[in-house]
Amino acid sequence: MSKNLTKKILVTGATGQIGSELVPELKKIYGKENVVLGIHKRKNVDDLEDSPSTVIDVTNKNLIEDAVQEFDIDTIYHLAAILSAAGEKDPWLAWKVNIDGTYNVLEVAREKKLVKVFCPSSIAAFGPDTPRVNTPQITVMNPKTMYGLSKVTGELLANYYFYKFNVDVRGLRYPGIISNKTLPGGGTTDYAVEIFYEAIKNKKYVCFLKSDTVLPMMYMPDCIKATLNLMDAEIQSLRYHSDYNVAAMSFSPDDLFKEILKIIPDFKIYYNPDHRQKIADSWPQSLDDSSARKDWGWKPDFTLSEMVKDMINVLSKKITI
Ligand SMILES: NC(=O)c1ccc[n+]([C@@H]2O[C@H](COP(=O)([O-])OP(=O)(O)OC[C@H]3O[C@@H](n4cnc5c(N)ncnc54)[C@H](O)[C@@H]3O)[C@@H](O)[C@H]2O)c1
């Protein structure tokens with residue numbers, strides 16, 4: 001196992017919901033010239049101006065290899081993916097990007113002897129046979145979506161690369177991530193972001209999940225903290241590698257609505273569940289993250305009410321009505 005330190009990072013999917021907020025933090029820690037943005041389709045992003053960037057399709061291993069070679073990369077944060085709802089629309093693409101893409105990243109990490117790789121998983125890795133409350137770290141998975149299937153495969157593959165080839169690959173089972181910089185990319189928990197934009201702009205929101213659908217969620221600052229803390233942890237303390245449960249809060253659309261009402265009293269919510277309800281019904285309501293807490297000191301900072309206050313505060317300044 002390499003004992004070298006991370007010096008030069010490639011982030012795949014760098015302009016997505018999580019990448020767009022992880023990249024600035026990585027730049028603060030490692031220096032802006034040492035974080036290379038892997039972008040799929042070139043677009044105007046502030047972060048592109050002062051950082052090296054390269055166009056990468058993760059389904060093409062040569063492009064990952066070339067980027068690692070060209071920029072002397074030693075660590076990859078592999079965030080490129082097709083998320084749950086988008087994956088059900090095009091399961092073939094989800095397979096290609098999530099499974100072939102992750103395999104390509106791991107192969108490049110093995111061949112080039114990279115120092116570390118981050119490959120996130122998701123609560124979507126669980127399925128309807130999984131215990132839904134306080135879902136254990138190790139349990140029945142059996143996901144029913146292509147996205148979930150690809151995430152379990154990614155976890156297993158990453159663990160295989162750790163045990164077989166000594167690739168130091170780490171990952172978290174992220175809950176639904178709530179943020180205010182970049183809109184989510186087609187997941188089942190997207191309602192918990194959209195609701196804030198609509199509450200501020202139009203004072204009403206039509207939710208695509210039922211009012212009592214409880215799901216695990218996390219505010220972006222905690223997502224970034226969990227990611228960086230896991231990547232910083234001493235390898236000897238890690239009992240798991242690519243598949244740590246992490247939790248912060250669990251709530252339903254109705255819980256979130258009531259919390260927003262405290263700040264926007266004339267806000268109204270309506271419910272019109274669609275195909276995403278079935279996906280949400282197959283996921284856990286809460287997670288047991290005691291292994292993450294014990295092994296690398298995981299502890300979230302934001303509660304539901306703190307997250308809601310911060311989201312409304314930030315977005316009220318950003319959104320011009
Ligand atoms: N956001 C969440 O709520 C959430 C929850 C659980 C897990 N995750 C996981 O976290 C990671 C990042 O998610 P996100 O929310 O930032 O997703 P996102 O959809 O916002 O961003 C994904 C990025 O991948 C890029 N991409 C798509 N196809 C590609 C390809 N072939 N090659 C290279 N790039 C490609 C897209 O352009 C996009 O920038 C993913 O692995 C996702 O499964 C996210």
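By convention here, the first residue in the shown sequence is residue 1. What you see is a predicted model, and the numbers here were worked out from it, not measured in a lab. First listed ligand is number 1; within each ligand, the first listed atom is number 1.
Considering backbone and side-chain atoms together, Ile82 places no N or O closer than 3.5 Å to any N or O of ligand 1. In terms of polar-atom proximity, defined here as any N/O pair under 3.5 Å, Ser122 makes no such contact with ligand 1. The N/O atoms of His78, backbone and side chain alike, include none that comes under 3.5 Å of an N/O atom in ligand 1. Ligand 1 has a nitrogen or oxygen under 3.5 angstrom from a nitrogen or oxygen of Asp57. Considering backbone and side-chain N/O atoms, Ser121 never comes within less than 3.5 Å of an N/O atom of ligand 1. For ligand 1, the polar-atom distance check finds no N/O of Ala14 at less than 3.5 Å from any of the ligand's N/O atoms.
A donor-acceptor distance shorter than 3.5 angstrom exists from the side chain of Glu306 to the backbone of Thr303, with no hydrogens or angles considered. One N or O on the side chain of Asp74 and one on the backbone of Lys7 form a donor-acceptor pair closer than 3.5 Å. The closest donor-acceptor contact from the side chain of Thr12 to the backbone of Ala80 lies under 3.5 Å. Checked by atom type and distance alone, the side chain of Asp222 pairs as donor or acceptor with a backbone atom of Phe302 at under 3.5 Å.
Distances from ligand 1 to the non-hydrogen atoms of Lys151 include at least one value under 4.0 Å. Using a 4.0 Å cutoff on heavy atoms, Pro184 does not count as a contact of ligand 1. Within the structure, the closest approach of Gly187 to ligand 1 does not fall below 4.0 Å when heavy atoms are considered.
Residue Ala80 approaches ligand 1 through these ligand atoms, each under 4.0 Å from one of its heavy atoms: 24 (O), 33 (C), 34 (N), 35 (C). Residue Gln17 has at least one heavy-atom neighbour below 4.0 Å for each of these atoms of ligand 1: 1 (N), 2 (C), 15 (O), 16 (O), 18 (P), 20 (O). The Thr15 neighbourhood of ligand 1 comprises atoms 39 (O), with distances under 4.0 Å to a heavy atom of that residue. Near Tyr147, meaning under 4.0 Å from one of its heavy atoms, ligand 1 places the atoms 6 (C), 7 (C), 8 (N), 9 (C), 42 (C), 43 (O). Distances below 4.0 Å separate heavy atoms of Gly16 from the following atoms of ligand 1: 16 (O), 20 (O), 21 (O), 39 (O). In summary, the atoms of ligand 1 found under 4.0 Å from a heavy atom of Ile56, numbered by their order in the structure, are 32 (N), 33 (C). Listed by number with element, the atoms of ligand 1 under 4.0 Å from a non-hydrogen atom of Leu79 are 11 (C), 12 (C), 22 (C), 40 (C), 41 (O).
Nearest to atom 25 (C) of ligand 1 by heavy atom, out of Gly13, Cys119, Gly101, is Gly13. Taking each of Gly176, Gly186, Pro175 in turn, the one with a heavy atom nearest to atom 5 (C) of ligand 1 proves to be Pro175.
When non-hydrogen atoms are compared, ligand 1 lies under 4.0 Å from the side chain of Leu83 (C-beta onward) but not from its backbone. Residue Ile18 touches ligand 1 through backbone and side chain together, judged by heavy-atom distances below 4.0 Å.
Within the 4.5 Å cutoff, the side chain of Met231 has heavy atoms near those of the Lys116 side chain. Residues Glu65 and Glu111 are in side-chain contact: their nearest non-hydrogen atoms beyond the backbone lie under 4.5 Å apart. In this structure the side chain of Ile82 never reaches within 4.5 angstrom of the side chain of Asp90, judged on heavy atoms. For the pair Phe165 and Tyr160, the minimum side-chain heavy-atom distance is below 4.5 Å.
Aromatic rings of His241 and Tyr163 (six-membered ring for Trp) have centroids within the 6.0 Å cut-off, being under it.
Hydrophobic cluster membership for Tyr270: Val206 (Ile, Leu, Val, Met, Phe, Trp, Tyr linked by side-chain heavy atoms under 4.5 Å, directly or transitively).
For the pair Arg170 and Phe118, the cation does not sit on the ring face, since its NZ or CZ is not both under 6.0 Å from the ring centre and inside 45° of the axis.
Not counting sequence neighbours, the partners of Lys28 by the salt bridge (charged side-chain N to carboxylate O under 4.0 Å, His left out) test are Glu25.
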